[in-house]
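Hydrogens, waters and symmetry mates are skipped; everything else that's a heavy atom, side chains included, is used. Heads up: numbering here begins at 1 and tracks the sequence.
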Amino acid sequence: MMFGLILLVIVAYYLFNSSNFGASCCMNHQSHTHTAQDILNERYASGEIDREEYLDRKQELSGQKKLISIKKG
């Protein structure tokens, strides 16, 4: 019984401590906005896109790849 009360006090202190307030639910949250390059890196790291597509899109984002337009007619 006493152990449960002590545990409850410790948990309450941790949750409502002013230095940790709000941090318990968002420990990995970063406050900066993600750039297109950040999103591309995350997609490649998670396996959503393959290496070839990653490198192709990376070149497009950096402006190194020249897009070729084909005119019909």
Side-chain angles (χ1 to χ4, degrees):
M1 176 80 175
M2 187 65 153
F3 178 73
L5 182 61
I6 293 172
L7 184 62
L8 180 63
V9 169
I10 291 171
V11 170
Y13 174 76
Y14 177 73
L15 290 176
F16 296 110
N17 186 359
S18 62
S19 65
N20 289 330
F21 186 73
S24 61
C25 69
C26 307
M27 294 296 281
N28 294 326
H29 178 70
Q30 296 177 356
S31 61
H32 75 282
T33 56
H34 293 287
T35 64
Q37 183 68 47
D38 293 336
I39 295 168
L40 181 63
N41 291 340
E42 289 174 6
R43 290 183 65 197
Y44 179 61
S46 69
E48 187 177 335
I49 58 175
D50 63 4
R51 184 175 190 272
E52 183 179 339
E53 186 174 357
Y54 170 77
L55 294 174
D56 187 47
R57 290 178 184 227
K58 185 177 176 183
Q59 284 181 342
E60 287 179 17
L61 288 174
S62 67
Q64 294 176 358
K65 184 173 182 177
K66 304 292 183 202
L67 297 177
I68 301 171
S69 61
I70 300 173
K71 295 181 181 179
K72 293 183 179 179

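Gln37 CD to Asn41 CG: the interatomic distance, rounded to the nearest 0.5 Å, is 4.5 Å. Rounded to the nearest 0.5 Å, atoms CZ (Arg57) and OH (Tyr44) are 14.0 Å apart. In this structure, CG in Asp56 is found 12.5 Å from CZ in Arg51, a value given to the nearest 0.5 Å. With rounding to the nearest 0.5 Å, the separation of NZ in Lys58 from CD in Glu53 is 14.5 Å.
Across Thr33 and Asp38, no two heavy atoms sit closer than the pair O-OD2, 4.3 Å.
Clustering ILVMFWY residues whenever any of their side-chain heavy atoms sit less than 4.5 angstrom apart, transitively, puts Leu61 in the very cluster that holds Leu55.
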